[in-house]
Each structure stands twice: as C-alpha cells, then as structure tokens.
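A short worksheet on the structure shown next.
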Amino acid sequence: MSQTQRRAKQDVSELAIFGGKPSFERPLHVGQPNIGDRDRLHGLLDEILDRRWLTNHGPLVTELESKLARLMGVRHCIAVCNGTVALEIAIRALGLKGEVIVPSFTFAATAHALQWQEITPIFCDVDPRTHTLDPERVERMVSSRTTGILGVHLWGRACDVEGLSEVARRHRLALLFDAAHAFAVSRRGRMIGNFGDCEVFSFHATKVFNTFEGGAIATNDDQLARRLRWMQNFGFSGYDQVDHIGVNGKMSEISAAMGLVGLESLDEFIGCNRRNHARYAELLAGIPGLQLHGYDPAERQNHQYVVVEVDQDAAGIGRDALVELLHAENVLVRRYFYPGVHRMEPYRSLYPNAGLLLPVTERLVTRTMILPTGTGLSVEDVDGVCDLIRLAVGQGAEILARKARAQGPRGTAAASARPPPRLAEAAR
Ligand SMILES: *Cc1c(COP(=O)(O)O)cnc(C)c1O
C-alpha cells in the first residue's frame, strides 16, 4: 500500500493549501480498516452459507467468544452487534439509573448510551497527562442520585482502574469501562476486560480489530453474564420463554468470521501500528510545540492512536491550521474528540454549564490531533507526514501570513478553491 516515493516539500509555496500538488494521491486515514487473510474469509463465508446458520449464536460466534475470552483471560465474553448497543445493554443489565459519571473527552456514543436510557451523564474532567478520568474529580461529583461510573480507556491507555475501583467501592457504585480503544491492552500485566463490573469493546471497521460492525462485553461476574445474554436476545431464556426485557444485540456469523480471520493477523496489525508509532516518535522528536503521546512499554498495547498535542504558542501554528494544511495534502488527521461531548447536542442544551467543570477537557479539544496509522500506512507514508509537519511548524509564521493574504479582499483564495478531501469511512 506504500505510495510512490516523493520529494519532501521544501518551501511553503509548494503546500497544497497554496495551490501545490497534494503530497499524497490517495487519502491517508486515521481509521482505515485492518483486514486479515481474504482466502480464509471467503472459505468461512462458504461454510456459513453451506450450514445455513447465519446468526443466532452460531458456531463462529461461539468460537470467536471463546477465543476473545481466552485472549483477555476473562470468564465471559459476549459478542454483540456493535459497541454502542453493547454499552446500552451493559448499562441496563447493571441496573444503572439517575446519574452516571462519565468523561466528556470521548466519542459521543459513550454518553449517548446513557442519555438514550434517560440516565443523566455527569461529565467529569480528565487528567491532563493521561486523558482519562481523574478519580479525585470523580469522587467530588458523586451525589445521592449517582449509580455508576463509566470510565473510558481513551487512546487504548487504561484508566486509573485502581483509583476508580476504590471510589466505586466507597460509594457502592457500579463501575464499567468503555474499552472501545483498548482491545488487546493490559493494565499492570492484566488484560483489559477484567476490570470493573464489566468492560465493553467495539469492533467497528475503524478499530484496530474489526468485525465490520461489532462489539463485546467482558465480565468475570457469572450472574451479570447471564443477564447480558438474555438482554441481547430479546430476553429469551428458553425456546418459548421470555423472562426479561431485551433487545436484539446479536452478532452475525459473517461478522464473527471477519473477527476470527482478523485475530489470526492481530499481531501483524499491532506490529504495524507499533512500527508506525515508533517512526512518528523518532521524526517528530524535537519539533517545538508538538507532544506525541507515548505508551507504557511494560504493558501490552495496540498503538491504535497516534496522539499529538499542539501548543500553538510554542509551535507558531495552531492545531486547526495544521489540520487544514494536512487535509489539503490528503493527510486526513482528525480532531478527536472535538468539541467535547458536552458541547454536542442534546448535552449542550440540556447541561449548558457543564463546561465550567471541564477546564482540562476544554483545553485538550483545542490541542489534540490524531495522525494516520494502521496497516494501510507504510513507513514512507509516515516519513511524508512528518516532513509536512516539520515544514509547517518551521514556517508557521510565513504560512499564517500567506493565509491571511490569500483570504484578504484581493487575495486569490487558492485554499478555498480546493474541494474538501473525501473522508470516506473514517469520516466520523
Ligand atoms: C467506536 C467507539 C464506540 C462505539 O462503538 P461502535 O461499535 O461504533 O458502536 C464507543 N466508544 C468509543 C470510545 C469509541 O471509540
């Protein structure tokens, strides 16, 4: 998938925002799907069709669940149709109501899964260093209506699970984790999937490991696992027996097939991410105002996200100007998770003052930028992205002055003449 060798741009006049040719012919995505062995997948598809068992906990879903449980070292792993429905089922099976404490610096689905069930998400600020929930701040937000804490292992870096467990224990709260970013990751040597009451994964196409659409709930609690299984299958406990309210959260056999094939290549996917991350770290080191987030080498990691914080004062160019410049070059970096869930509807209208208690989140959403990685990206691609960032930061003042001239009343506005890049699947 490597693109042709290019000469690094030397001068700002060559940048695509000023009318130059984009550095990359095809867009580089943040979440381009990782795909395993095609022949194996075709073979499994034939098996599914021959068996005429397409869904309803078929043999491939059963096999995937047991392989996932083994990988995580957890008693139960329940495959679900997607991560959002998995979160909704987990929240319901835990009996959450009233208020649940959750970060705002996350994907919208984390809060939606609560609000969808008329549970109030209480947005809590994160630690500026780790980007995950700060247990001390969480404890300050506990009220008489609080029933649970929903932490997010953002960027695949585990929350302070010990600190959060202690707060949950002291106040008798349920504790669950949105582990959508943290598949195949460990915390102090123990795999994510084992913490809190349960942990929820997403296997969406853009995640490091995908089942087209899919997700899973992992737990060591036998009773909770039984409730989760009922709830994901309309509440059925036997052929004609419905004992619970339920929904349809089943994973199909074709999704399980994709997962089984992907698992065989998981080490390769993660190895590719690790190599890309190391190359970014090498080439971005020493660029003023740019901070690349690292991963603890003592833990298992998936290196799914290459996270950079941009300090505009030190870099001489802000995050948003960098994003615009890179998009024009076909480098589709993302501003995850701008502008923060509390600034999205319905939360912005429902809780207009939430931002007052979220100073760290409000700062991070203006600085954070996610760079492309995955098996679709070669080391040469990473080099090309880093060349552009180095040029942009080195010539920040010149770029901003040119942009101002181009946007002036008599400017040529070359930048606005360029159509926006196609965002495709990774657009969200
Ligand atoms: C992807 C994601 C989800 C939603 O998962 P889906 O499988 O797309 O429904 C939830 N939370 C976070 C943090 C995510 O990144």
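Ligands are counted one by one from 1 in listed order, and the atoms in each one are counted from 1 as well.
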Exercise for the section: Would you mind telling me if ligand 1 is within reach of the side chain of T106, the backbone, both or neither, using heavy atoms under 4.0 Å? Expected result: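 Near ligand 1, T106 shows its side chain, while the N, CA, C and O stay back.
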
Problem - Proximity winner for atom 1 (C) of ligand 1, if only heavy atoms of K207, H112, E88, H153 are counted - result: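 Looking at heavy atoms only, K207 sits closest to atom 1 (C) of ligand 1.
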
Practice task
Could you tell me whether the side chain of Q232 reaches within less than 4.5 Å of the side chain of V247, counting heavy atoms only?
Solution key: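 No, too far: nothing below the 4.5 Å cut-off.
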
Handout entry: Within-4.5 Å side-chain heavy-atom neighbours: C386 and Y280
Key =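 Side chain of C386 against side chain of Y280, heavy atoms only: contact under 4.5 Å found.
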
Exercise for the section: For the pair H131 and H293, name the ring-plane relationship: parallel under 30°, tilted 30 to 60°, perpendicular over 60°. Expected result: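 Geometry flag for H293 against H131: tilted rings.
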
Practice task
Report the relative orientation of the aromatic rings in H244 and W230; use parallel for angles under 30°, tilted for 30 to 60°, perpendicular for over 60°.
Solution key: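 If you compare the ring of H244 with that of W230, the planes turn out tilted.
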
Problem - Distance-only polar pair, side chains of E253 and T55, donor-acceptor under 3.5 Å - result: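 There is no such pair (donor and acceptor under 3.5 Å, judged by atom type) between the side chains of E253 and T55.
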
State whether the shortest distance between N or O atoms of [X] and N or O atoms of ligand 1 falls below 3.5 angstrom.
X: T84; answer: yes
X: S202; answer: yes
X: G83; answer: yes

Problem - Atom indices of ligand 1 within 4.0 angstrom of G214 heavy atoms, with elements - result: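 Contacts of ligand 1 toward G214, numbered from 1: 7 (O).
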
Practice task
Go through ligand 1 atom by atom and flag the ones less than 4.0 Å from a non-hydrogen atom of T110.
Solution key: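 Taking each heavy atom of T110 in turn, ligand 1 has 11 (N) under 4.0 Å.
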
Problem - Single hit among I370, L371, V333, I287 for side chain to side chain contact (heavy atoms under 4.5 Å, CB included) with V308 - result: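 Exactly one candidate clears the test, L371.
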
